[in-house]
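Since we're looking at a predicted model, the values are computed, not measured. Computation of the quantities below employed the complete heavy-atom set of this structure, encompassing side-chain atoms and omitting hydrogens, waters and symmetry-equivalent molecules.
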Amino acid sequence: QVQLVESGGGLVQAGGSLRLSCAASGRTLSSYAVGWFRQAPGKGREFVAATSGSGGRTIYGDSVKGRFTISRDNAKNTVYLQMNGLKPEDTAVYFCAVRELNIASTRERSYDYWGQGTQVTVSS
């Protein structure tokens, strides 16, 4: 089992930045792909970014390309999502997820373990 805890969410003005953290316990993240997804009120879960276990491959959703960066610190067993240039439409609950197969994926169903999420609210 993998336990994931997201943190770093909050309220920020449009154009601002936040860095989300996803801390894992129970497994070493370096062996697994990790993804970030988000869910806005009344909408389905949307892919944001993902990285392979080594960090050698990263992929991003079209709506966040050029603004968000996924990274990982395997020594801390933590994956980060740096969010710059935030927009009101980025408002959502952000979830991190781990895939036991070490291939980054955009598909929600590819991931095996999920955190509880952290709220990000961007005011205009």
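- Annotation: side chain to side chain contact (heavy atoms under 4.5 Å, CB included) contacts of Ala49 (sequence neighbours excluded): Tyr60, Ile70, Leu81.
- Applying the side chain to side chain donor-acceptor pair (under 3.5 Å) rule to Thr121 yields the partners Gln119; only residues at least two apart in sequence or on another chain are considered.
- Looking at heavy atoms from C-beta onward, Ser63 lies in side-chain contact with Glu46 at the 4.5 angstrom threshold.
- In terms of heavy-atom proximity, Ala50 sits nearest to Ala104 at CB-CB, 3.9 Å.
- Not counting sequence neighbours, Glu89 has no partner by the salt bridge (Lys or Arg N to Asp or Glu O under 4.0 Å) test.
- Within the 4.5 Å cutoff, the side chain of Val98 has heavy atoms near those of the Leu29 side chain.
- Of all heavy-atom pairs spanning Ala14 and Ser124, the tightest one is CB-CA, 4.4 Å.
- No donor-acceptor pair under 3.5 Å is formed between the side chain of Thr28 and the backbone N or O of Ser30.
- For Thr118, there are no side chain to side chain donor-acceptor pair (under 3.5 Å) partners, not counting sequence neighbours.
- Contact annotation: the side chain of Phe47 never approaches that of Glu108 to less than 4.5 Å [non-hydrogen atoms, C-beta and beyond].
- Residue pairs meeting the side chain to side chain donor-acceptor pair (under 3.5 Å) criterion with at least one member in residues 9-21, sequence neighbours excluded: Ser17-Asn84.
- Counting only residues at least two apart or in different chains, disulfide (SG to SG under 2.5 Å) contacts with residues 24-53 are absent.
- Through side-chain heavy atoms spaced under 4.5 Å, either directly or across other Ile, Leu, Val, Met, Phe, Trp or Tyr residues, Leu101 is tied to Ile103.
- Side-chain contact between Tyr80 and Arg72 is absent, with no heavy atoms from C-beta onward closer than 4.5 Å.
- Between the side chain of Ser105 and the backbone N or O of Ser110 there is no donor-acceptor pair closer than 3.5 Å.
- Tyr111 and Val48 are assigned to two separate hydrophobic clusters, defined by single-linkage of ILVMFWY side chains at heavy-atom distances under 4.5 Å.
- Summarising the geometry of Ala40 relative to Ala92, their closest heavy-atom pair is N-CB, 3.8 Å, with the distance given to 0.1 Å.
- At a threshold of 4.0 Å, the pair Asp62-Lys65 counts as salt-bridged, since one of the basic side-chain nitrogens sits closer than that to a carboxylate oxygen.
- Residues satisfying the salt bridge (Lys or Arg N to Asp or Glu O under 4.0 Å) test with Lys43, not counting sequence neighbours, are none.
- The list of side chain to side chain donor-acceptor pair (under 3.5 Å) pairs with a residue in residues 91-101, not counting sequence neighbours, reads Arg27-Glu100, Arg38-Tyr94, Glu100-Tyr113.
- Leu86 is connected to Val64 through a chain of hydrophobic side-chain contacts under 4.5 Å among Ile, Leu, Val, Met, Phe, Trp and Tyr, so both are in one cluster.
- Leu20 contributes atom CG, which lies 12.5 Å from atom OG1 of Thr78 (distance to the nearest 0.5 angstrom).
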Solution key, residues 1-10 side-chain donor-acceptor pairs under 3.5 Å, sequence neighbours excluded:
from	atom 1	to	atom 2	distance (Å)
Gln3	OE1	Ser25	OG	3.4
Glu6	OE1	Gln116	N	3.1
Glu6	OE1	Gly117	N	2.9
Glu6	OE2	Cys96	N	2.9
Glu6	OE2	Gly117	N	3.3

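- Residues that satisfy the ring pair (Phe, Tyr, Trp, His ring centres under 6.0 Å) test with Phe68, not counting sequence neighbours, are absent from this structure.
- Taking each heavy atom of Trp36 and Cys22 in turn, the nearest pair found is CZ2-CB, 3.6 Å.
- In this structure, Asp112 has no side chain to side chain donor-acceptor pair (under 3.5 Å) partners at least two apart in sequence or on a different chain.
- Using cut-offs of 30° and 60° on the angle between ring planes, the pair Phe37 and Trp114 is tilted.
- Here the side chains of Val12 and Met83 are not in contact, with every heavy-atom distance at 4.5 Å or above.
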